[in-house]
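Here the structure comes first, spelled out in structure tokens, and everything after it is commentary.
This structure is a prediction, so every number in the text was calculated from the model and none was measured. Proteins get letters first, then strands, A, B, ... in listed order; numbering begins at 1 in each.
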Amino acid sequence: MTWIQRSVTLDPKPRGFHLVTDEVVSAVPEMRDLRVGLLDVFIQHTSASLTINENAAPAVRGDMERHFNDMVPEDQPYYQHTIEGSDDMPAHIKASMLDTSLSIPVEEGELAFGTWQGIYLNEHRNNGGARSLMLTLRGEKG
Amino acid sequence: MTWIQRSVTLDPKPRGFHLVTDEVVSAVPEMRDLRVGLLDVFIQHTSASLTINENAAPAVRGDMERHFNDMVPEDQPYYQHTIEGSDDMPAHIKASMLDTSLSIPVEEGELAFGTWQGIYLNEHRNNGGARSLMLTLRGEKG
Amino acid sequence: MTWIQRSVTLDPKPRGFHLVTDEVVSAVPEMRDLRVGLLDVFIQHTSASLTINENAAPAVRGDMERHFNDMVPEDQPYYQHTIEGSDDMPAHIKASMLDTSLSIPVEEGELAFGTWQGIYLNEHRNNGGARSLMLTLRGEKG
């Protein structure tokens, strides 16, 4: 039984949905040795989030950003938490609608993703800065 | 410590929310031997999803479909990813609003569900076809 | 390798989003002994939910309640599951948009939260009553 936990810092990204599968996978090379396991990806922030979605067409990521902006508009009259800027309260709401943690199966040393799946970092702030992830990998060696 | 990982294919289902608890549980009979554990259910697709919700009234599942169609309409003017049909981009958005993976506690050989909880497969495409799940069960025997 | 599973009952709370980090953490004192691990928090209900969000400004929790009420209104004409009251079907939808389970990394005996993260119990019913959580803690001792 292997338990590995590692902190990863992602470079600042513009507001929007970003594919970060390679950055996550390269941070836990020990995954190659697992016959069976799980990788937990946790983001240590409340105004950015994670999700798993389509890894090919960039327009999917743009449409995600446009639709979440439509469902969770800035400057709603009922927002009371406004002191950190118009993009802050919508960022908190989007973060709860999407994921703070992902649980991904590991099979024979690789993420057991479907063909079209990838890991997204969703940056909901205009200037969110660097974002910290905590990765927890556990499982059985081959 | 037991680790079991198993792929399950669900038969094609019409667009909508479907109760699949029995199909999932029957795929991992080894669960009966666990005193304590967790079952992770992961869907290997980005246009169908999972969630846990009410296992009795079928109208709940119909209302879920109707409300998600209202919150995430087809043919929004800002969608750019349109080549796979009107139902495709809403399917990706719904999949991220719902769950790609579920983590369910196992207690004395059974899912530690509340009385009214069940596992839903949410089919967001009009013709999504068969869907693959990866189940990962781990825990301690009694 | 440690596996601990424990049921926790939270006192009845009014409709809205509530910070419950301390109640959860105090229920698993064995966490202090873990060098590395994960805490899974599972709610055994379908009309209340969990999420991780901002642990300081109470206005964030009020804005969450107001915005989810706006995105998931009561008495939509297409709701068919109406026999349990106007607040029931929206509660099921909100529960699926938010989380039934949380997976939180444990590092050196503490939750590996970012500075501003806390655990919310989201009560979606007007009179939801007491709510049951199942906590599953596992990991390696230091």
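- At a 4.5 Å heavy-atom cutoff, the contact between B:Met1 and chain C is made by side-chain atoms alone.
- When heavy atoms are compared at a cutoff of 4.5 Å, B:Phe68 approaches chain C solely by way of its side chain, counted from C-beta outward.
- In this structure, the side chain of C:Thr51 does not engage the main chain of C:Tyr120 through any donor-acceptor pair within 3.5 Å.
- Counting only N and O atoms by type, the side chains of B:Asn69 and B:Arg15 include a donor and acceptor under 3.5 Å apart.
- Side-chain atoms of C:Ser86 and C:Asp75 form a donor-acceptor pair, as typed in the model, at a separation below 3.5 Å.
- The aromatic rings of B:His67 and C:Tyr79 sit tilted relative to each other, their planes meeting at an angle between 30° and 60°.
- Side-chain contact check for C:Asp99 and C:Ser49: no donor-acceptor pair (N or O, by modelled atom type) lies under 3.5 Å.
- With a threshold of 4.5 angstrom between heavy atoms, C:Thr136 approaches chain B through side-chain atoms but not through N, CA, C or O.
- For B:Ala57, the part sitting under 4.5 Å from any heavy atom of chain C is the side chain, from C-beta outward, and nothing else.
- Residue B:Arg138 touches chain C through both its backbone and its side chain, counting heavy-atom pairs closer than 4.5 Å.
- Per-residue counts of heavy-atom pairs under 4.5 Å with chain B were compared for C:Ile93, C:Leu102, C:Leu98; the largest is that of C:Ile93.
- Of the possible donor and acceptor atoms, none in the side chain of C:Glu23 sits under 3.5 Å from a partner among the backbone N and O of C:Val20.
- Only the backbone of C:Ile43 comes within contact range of chain B, judged by heavy atoms closer than 4.5 Å.
- Both the backbone and the side chain of B:Met64 come within less than 4.5 Å of a heavy atom of chain C.
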### Task
List the steps, then state whether side chain to side chain donor-acceptor pair (under 3.5 Å) holds for C:Asp40 with C:Ser103.
CA-CA 5 Å; C:Asp40 192 276; C:Ser103 179; 4.9 Å; no
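- For C:His45, the part lying under 4.5 angstrom from a heavy atom of chain B is the backbone only.
- For chain B, the nearby parts of C:Tyr78 are the backbone and the side chain; heavy atoms of each come within less than 4.5 Å.
- In this model, a donor atom of one side chain and an acceptor atom of the other lie less than 3.5 Å apart for B:His81 and B:Asp88.
- Heavy atoms of C:Thr100 lying under 4.5 Å from chain B belong exclusively to its side chain.
- With no hydrogens or angles considered, a side-chain donor-acceptor pair links B:Asn53 and C:Ser96 at under 3.5 Å.
- With a threshold of 4.5 angstrom between heavy atoms, C:Met89 approaches chain B through side-chain atoms but not through N, CA, C or O.
- Both the backbone and the side chain of C:Gln80 come within less than 4.5 Å of a heavy atom in chain B.
- Heavy-atom pairs under 4.5 Å with chain B were tallied for C:Met134, C:His92, C:Met97; the largest tally goes to C:His92.
- When each of B:Pro58, B:Pro105, B:Gly62 is checked for heavy-atom pairs under 4.5 Å with chain C, B:Pro105 comes out on top.
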